[in-house]
Structures are given as structure tokens and as C-alpha cells.
Protein chains: 2
Amino acid sequence: MSGSKIKNMEEFAAVSGISRPTVSKYFHDPESVRASTRQRIEAALERHDYRPNIFAMNQNRKLTKNIGIIVPYLADPFFAEIVRVLERRCIDAGFSPTLFSAHGEQALENDILDGLRSLKPAGVLFAPLGRLSDKSAIEAFCRDVPTVLFDSNLEGLGEAFIGSDNHSFVSQTVEYLTRTGEPPCFFEMRHPANPNANKRRKAYLTMMDRLGFEPHVIKIDGTGWGFEEIGRQGGLKVLHEDALPTNTLLCSNDRLAIGLLSACYEMGVEVGRKPEARLRVASHDDHPFSRFTCPSLTTAAHDYAAVSDNAVDTLFRVVESGGRLGERIETLFPARLIMRESA
Amino acid sequence: MSGSKIKNMEEFAAVSGISRPTVSKYFHDPESVRASTRQRIEAALERHDYRPNIFAMNQNRKLTKNIGIIVPYLADPFFAEIVRVLERRCIDAGFSPTLFSAHGEQALENDILDGLRSLKPAGVLFAPLGRLSDKSAIEAFCRDVPTVLFDSNLEGLGEAFIGSDNHSFVSQTVEYLTRTGEPPCFFEMRHPANPNANKRRKAYLTMMDRLGFEPHVIKIDGTGWGFEEIGRQGGLKVLHEDALPTNTLLCSNDRLAIGLLSACYEMGVEVGRKPEARLRVASHDDHPFSRFTCPSLTTAAHDYAAVSDNAVDTLFRVVESGGRLGERIETLFPARLIMRESA
DNA sequence: ACAAAAACTTTACGCGCGAAAAGTTCTTTG
DNA sequence: CAAAGAACTTTTCGCGCGTAAAGTTTTTGT
């Protein structure tokens with residue numbers, strides 16, 4: 001990297017002794033030029049630091065190397081963690097991921113989709129808000145931009161959906177809880193934002209029926225994305241009424257459970273699998289913080305890596321096949337039971 | 001939004017009955033055209049949905065409307081929360097924020113700076129890794145791009161630094177703890193990643209000296225950004241050795257405290273301000289989860305809103321004054337003590 | 001009402017690159 | 001070793017918009 005400033009590809013082509021169209025080809029795909037040519041270009045790259053103008057590049061290309069990643073709520077460490085993996089995979093594959101969070105608001109989600117259009121992305125990895133999503137807006141977006149959904153499935157939208165198998169989550173926790181103690185009551189929000197919640201409730205009812213236990217669904221009030229606080233308030237209420245049919249609570253997700261456990265602690269209700277404990281609590285997701293609750297939370301873990309890898313791979317396949325797949329793909333990964341101290 | 005598709009500004013100018021240069025001016029700043037003209041353009045905008053090509057726009061403009069937001073670790077809800085506010089402020093001011101996370105790695109931080117350069121951002125809001133940051137790379141970046149640092153101060157780098165006053169954090173917690181019980185030991189990582197940690201330790205020493213108590217700094221081992229686990233391991237070790245000089249621990253930050261509290265629970269050590277409790281624990285940051293620890297965490301809160309607002313405002317001032325300020329500005333906001341159950 | 005100022009139109013050019021066509025040089029293969 | 005094909009060069013065009021200059025219309029102030 002000598003001092004000489006290179007303004008554009010024309011000049012860089014000159015100093016590298018290669019014609020501009022070939023240099024252009026090289027930047028589009030280094031493997032597409034002869035090895036000797038590649039070496040000459042890369043030698044020049046070491047002497048002068050030049051990078052193609054990203055705006056000029058994308059201006060005429062029908063297909064950019066941009067990839068959009070949209071999550072419903074970035075302040076949830078669960079999504080932050082998934083995003084980290086997705087980002088890395090995209091970068092390694094030579095794409096430029098851009099990160100967006102809807103922050104729990106439909107209006108923002110729509111704005112993001114709008115803005116994303118003008119980035120002409122090669123593809124989009126999209127975890128929608130769920131119930132709050134504007135289905136028609138998303139449908140319109142998916143018509144224009146190759147999109148792979150993850151985490152929340154919106155029926156029929158996007159080229160594919162990659163997620164976790166909610167039935168696998170619930171069947172494992174319910175099986176474990178019924179085998180080792182009283183059958184669980186299901187603890188969830190009355191109006192869950194996420195379609196996974198509904199699938200989990202149904203799976204709970206199915207499992208309880210199959211095992212011959214009476215199901216009990218406890219619905220707590222609250223709206224928004226502050227699940228911990230909702231779980232805490234709901235927990236305080238339930239514990240106050242002191243009318244639980246069994247001593248075991250299965251939470252729809254870990255964030256509710258985190259709130260619930262804090263309510264239990266506050267009320268002096270001991271939680272755990274020890275005989276003297278008054279309550280057992282289990283949950284689903286293996287949230288990054290579930291390891292540090294008191295007691296540590298027994299839960300069913302997503303296969304983060306498999307979901308991330310598969311979502312990215314699927315998107316790449318969509319992109320390579322020109323943006324459309326023959327038919328919509330749905331891939332679900334099973335959960336893994338994480339036994340800790342709370343149940 | 002009738003069906004007619006508008007390809008470019010030329011066509012849009014035609015249907016709106018205004019010349020293209022004026023339309024261009026409008027999109028650059030709607031206030032810069034006559035009210036009657038603005039109305040005609042906006043009327044046309046409602047009939048046909050047209051948006052200027054973002055790549056073509058940025059191609060020749062010396063100054064884009066892009067703003068980069070870089071944080072060291074997005075899976076930390078603390079940063080996720082700050083980012084949310086920063087994003088919104090930028091959007092409201094008519095800028096396009098783009099979000100980046102270094103995921104705790106120097107190499108990634110440098111890659112982000114590199115990539116950001118080619119986006120020709122009007123400005124950058126940058127919370128650096130801290131100790132792990134490549135100072136010279138950042139210095140070079142700041143020479144090219146107007147940058148405002150936040151959270152972690154790197155001496156002399158960037159046009160300004162906006163953050164929290166660590167002395168205010170520590171003086172309030174130390175004052176409170178010494179007033180209401182035994183003086184605190186300071187619980188921190190041996191090699192903290194963040195310069196705030198060093199300032200907090202110094203403030204602790206100063207305060208203890210001023211109040212006439214003997215300081216005790218407990219340094220725990222561990223590297224990386226998994227602070228909770230580090231705090232937990234450190235806590236287990238400290239509790240096992242059972243050689244604490246006082247019954248009060250003041251953690252450098254909440255994430256360590258979250259791990260420490262989980263260790264206490266695991267060891268059956270009761271924490272809180274009740275007389276029968278064996279330990280008091282307090283901390284700094286008011287992490288979004290500190291409300292839900294067991295017991296809930298007494299801590300000193302950042303003025304999130306003030307830091308965010310001021311960082312954005314400062315960056316806008318830098319941008320408006322052509323990218324450089326006369327002198328480097330440092331703004332610190334005081335903390336607010338949040339009394340909960342742990343101390 | 002009139003001059004000055006402000007806002008607009010017309011015209012023209014350039015940004016940095018993608019892409020296509022036609023011609024040239026190099027590499028492979030039987 | 002000739003022929004085919006791959007890779008390269010040269011040339012040319014266009015993308016969509018920013019921007020500047022020069023001329024025209026509208027608004028503003030006294």
C-alpha cells in the first residue's frame with residue numbers, strides 16, 4: 001500500500017496492467033479470471049489500496065451482494081445471538097449483511113421492508129414479528145425480494161421457513177416433567193405475539209391428552225415485548241391466588257420464565273426439583289440468560305447452529321436459482337432438553 | 001399509488017410537472033423548494049410511488065445521509081437498548097443508520113471500520129471494544145470519517161466522547177453501601193475489556209479513602225464477553241474460599257453481578273439487605289435484566305436517554321459543521337441509584 | 001409598481017462502474 | 001500442429017442521479 005491514491009477502477013486497471021473489464025470481472029468473482037491474471041491483480045492490490053465504489057457497483061447490477069437480516073426485537077439476546085451467526089455466515093460467503101430490528105413495532109417492520117427494497121438485496125433473512133406483522137405488506141415484499149423466513153412461520157410467505165419444531169420442544173419437556181413429578185400447567189401470555197406460542201400450547205394439549213393427564217393452561221395478561229415483566233406480574237398474581245392445580249409450571253418461553261422465577265423468589269416460593277421445593281418451573285428456548293436464573297432454568301434448547309446454518313444455506317440456494325424455488329420449503333429442527341435446577 | 005411504474009427521477013419529474021433538478025432538490029431537502037412546488041411533488045408522490053435510487057444518489061454526493069452505529073457486542077441487552085434509541089433518533093433526523101456489532105473481536109471491529117469507509121457515512125456513532133481495540137486503526141478511521149465515541153472513551157480519538165460519569169456511579173453506590181452496612185469490596189475482572197472498569201476501580205479506591213475505609217479489590221479471572229459466566233465462576237471461587245473481608249460486594253458491572261448472584265444462590269448464600277442475609281451485592285449499569293435477578297439488583301443506572309440524545313445531537317453538530325469540531329468534547333452524565341433488594 | 005431576489009427550467013456534463021460486442025491473444029485438445 | 005475454445009482487450013453505451021451554468025418566471029420588499 002504505497003501512497004499513490006487510486007480514484008477508480010480505470011486507474012487501478014492501469015497500474016495492474018490489466019484491462020478494466022477484466023478487473024471488474026475479478027471483483028465480481030476472483031475465480032473467474034485466469035490464475036496468472038489474478039496474481040497480477042492481487043499484486044497490485046497489495047501495492048495500492050483500492051476498493052471498488054460500492055454505490056457505483058450496485059447501481060446497474062440487477063443482483064447485488066447485499067443481504068438483509070430482519071429480527072423482531074434485537075434487545076432480546078436470543079435474536080442477538082442468532083444474528084451474530086447469520087452475519088458471519090453471510091460475510092464468509094462474500095455477501096454484505098445489513099441488520100435491522102423492528103423493535104416490536106409493525107410500523108417499523110414495514111418501514112424496514114420499504115427501505116430494504118431500495119437496497120436491491122440478493123436475499124433477505126427475515127424473522128417477522130408474528131401476530132403483529134402486516135401480512136399483506138410482507139406478501140408484497142416477498143414477491144419482489146427473495147426471502148427466507150426464520151423463527152416465526154407466516155403460512156405461505158417467503159420461499160422457505162426454517163425454524164424449530166415446537167412439538168419437539170414441548171413433547172420433551174412434558175415427557176420429562178410428567179415422568180419425574182406432577183404433570184405441568186402451561187404458563188403463557190393471553191395474546192402471544194409469536195405464532196410459536198400457539199403451536200406450543202397445542203403441542204402441550206396433545207401431549208397431555210396422549211399421556212392421560214388433564215391439561216391446565218394459565219393465561220396471563222400483558223402486551224408488548226417486555227416478556228420478563230409480564231411473566232413476573234403474571235407469576236405474582238398466580239402465586240397470590242394460590243390455586244395452582246399442580247406444583248409444576250411449564251412456561252411457553254424462557255423470558256416469561258425468567259420473570260416468573262423472579263416473582264417466586266420475591267414471594268418466598270422455593271423452586272426446584274428438590275423434595276422440599278414448592279414449585280417446579282421449566283420452559284423453552286434456552287435463552288442465553290436461562291443459565292443464570294435462580295435456580296437455573298430447565299428448558300428445551302433450540303439448535304441455534306442448525307437453524308442459522310440451514311437458513312443461510314437455503315437463502316443461498318434461493319439466490320443461486322434466480323430468486324425462486326419450485327415450492328415453499330419448511331424445515332424444522334428438534335429441540336434438546338437442558339436439565340438444570342428449576343425442574 | 002396508481003399502477004403506473006416510474007423508473008427514474010426523469011419520469012417522475014414529468015408526471016409531477018416539475019423539472020428534474022428541482023425534484024432532486026426536493027429529495028435532498030423538502031424545505032428547500034417553494035411550498036407550492038412541494039405540494040405538487042407530494043401530490044405526485046401519492047399517485048405514483050417513486051423513490052430515488054439510493055445508489056445513484058450516493059454515488060456523487062460528497063456527503064451521504066448514512067450514519068454508522070457500531071457497538072462492541074450486540075448480544076448484550078445494554079447495547080441493544082442504546083442502539084434502539086440511537087437508531088430512532090437518526091431516522092427521525094432524516095438519516096439512514098446502519099448497525100454493526102464487533103461481536104467482541106478486534107478483527108471484526110477493524111473490518112467494520114473498513115467497510116464503513118466505502119459507505120461514505122456522514123458520521124459514525126462508535127462504542128469501541130476498549131482495551132481490545134486497535135487504536136491506530138481507529139485513529140486512522142477518525143481522520144477520514146467524523147466520529148463520535150460513546151460508552152468507552154479512547155483518549156483523544158474521535159470528535160467527541162459521550163458517556164456516563166463513572167465516578168458518579170461508584171460514589172453513589174459506595175456512599176449508600178457504607179451508610180447502610182459494612183463497607184463494600186470491589187468485585188471485578190482481572191483484565192477488564194472496557195476502560196470504564198478501570199475508572200470505576202479508581203473511583204472506588206478514592207471513595208473508600210475519602211470515607212476512611214480500607215479498600216478491598218477482588219480480581220477474578222476470565223476473558224471474553226461472557227461476563228455472567230465469569231462472574232459466576234469468580235463468585236463460586238470467592239464463596240468457596242470464604243475469606244471476604246466484609247459482607248458487601250460491589251460489582252464493577254451488572255453482568256458480573258448477575259453471574260455472582262447465581263453463584264450465591266447455587267451455594268445457598270442468602271443475599272439481600274435483610275438482617276439475616278449473609279451478603280449484600282450491588283453493581284453498576286442497570287442492565288435490563290438486573291430487575292429480574294434473585295434478589296433484584298441494587299445498582300446505579302445510566303441515563304440512557306441523555307447519553308443517546310447527546311451522542312446523536314453531538315454527531316449532528318459535527319456533521320453540520322463540516323465534519324470537524326474545534327476541539328474534542330467530552331460529556332459525562334451522572335448516574336442514578338436504583339435501590340432494589342440485593343443491597 | 002418596479003427592481004431585486006428567489007425559485008424555477010433548460011441544458012449539459014460527469015460520477016464509477018456493469019455489460020455487451022467485436023477483435024485479439026493465449027491455452028487446451030486430439 | 002492446427003483448430004477450437006477460453007480468456008483477455010478495446011470500444012462503446014447506459015444506469016440514475018448530482019451539480020453547475022445560463023436563462024426565465026415568480027415572489028418579495030419598499
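This structure is a prediction, so every number in the text was calculated from the model and none was measured. Each chain gets a letter, A, B and so on, in the order its sequence line appears, and its residues count up from 1.
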- Task: Send over the distance from B:Glu10 CD to C:dT11 P, rounded to a whole Å.
- Result: 11 Å
- Query: Pairs in or reaching into residues 322-332 of chain B: which pass salt bridge (Lys or Arg N to Asp or Glu O under 4.0 Å), with residues at least two apart or in two chains?
  - Reply: B:Glu159-B:Arg324, B:Arg328-B:Glu330
- Message: Expressed as a whole number of angstroms, how long is the span from A:Met9:CE to C:dC17:P?
- Response: 5 Å
- Note on the structure: Closest to the side chain of B:Asn60, out of C:dG18, C:dA7, D:dG16, is D:dG16
- Query: In whole angstrom, what separates A:Lys65's NZ from C:dC17's C1'?
  - Reply: 17 Å
- Interatomic distance where CD belongs to B:Gln59 and P belongs to D:dT19 [whole Å]: 12 Å
- Could you give the CE-to-P distance, from B:Met57 to D:dG18, as a whole number of Å? 5 Å
- Query: Does one side chain, of B:Asn194 or B:Ser152, offer a donor that lies under 3.5 Å from an acceptor on the other?
  - Reply: yes
- Item | A:Pro97: side chain to side chain contact (heavy atoms under 4.5 Å, CB included) partners, not counting sequence neighbours | A:Ile69, A:Glu87, A:Cys90, A:Ile91
- Out of D:dT10, D:dC17, D:dT19, which nucleotide sits closest to the side chain of B:Arg61? D:dT19
Sort me out a list of protein N/O and nucleotides 22-27 of chain C N/O pairs below 3.5 Å, or just none if empty.
none

- Query: Would you say the side chains of A:Asp134 and A:Ser136 form a donor-acceptor pair under 3.5 Å?
  - Reply: yes
- If each of A:Asn58 and B:Gly17 is mapped to the nucleotide of DNA chain C with the nearest heavy atom, which maps nearer the 5' terminus, i.e. the 5' end? B:Gly17
Can you give the donor-acceptor pairs under 3.5 Å from side chains of residues 70-84 of chain A to other protein atoms, not counting sequence neighbours?
residue : atom : partner  : partner atom : Å
A:Asp76 : OD1  : A:Phe78  : N            : 2.9
A:Asp76 : OD2  : A:Arg255 : NH1          : 3.0

- Is the shortest distance from a Lys or Arg side-chain nitrogen in B:Arg88 or B:Asp92 to a carboxylate oxygen in the other one below 4.0 Å? yes
- 5' priority, DNA chain C, between B:Ala56 and B:Val33 [closest heavy atom]: B:Val33
- Query: What is the distance, rounded to the nearest whole Å, between atom CD1 of A:Ile54 and atom C1' of C:dC15?
  - Reply: 16 Å
- Query: Where the side chain of A:Arg89 meets the backbone of A:Asp309, is there a donor-acceptor pair that is under 3.5 Å apart?
  - Reply: no
- Euclidean distance, atom CD of residue A:Glu11 to atom C1' of C:dC17 [Å, nearest integer]: 14 Å
- Message: In whole Å, I'd like the distance from the CG atom of B:Asp29 to the P atom of C:dA7.
- Response: 11 Å
- Item | B:Tyr50 versus B:Glu11, side-chain donor and acceptor atoms under 3.5 Å | no
- Query: Can you list every pair that meets salt bridge (Lys or Arg N to Asp or Glu O under 4.0 Å) and has a residue in residues 93-117 of chain B, with sequence neighbours left out?
  - Reply: A:Arg51-B:Asp114, B:Arg117-B:Asp144
- So which of residues 20-28 of chain B are in contact with DNA chain C, with a heavy-atom cut-off of under 4.0 Å? B:Arg20, B:Pro21, B:Thr22
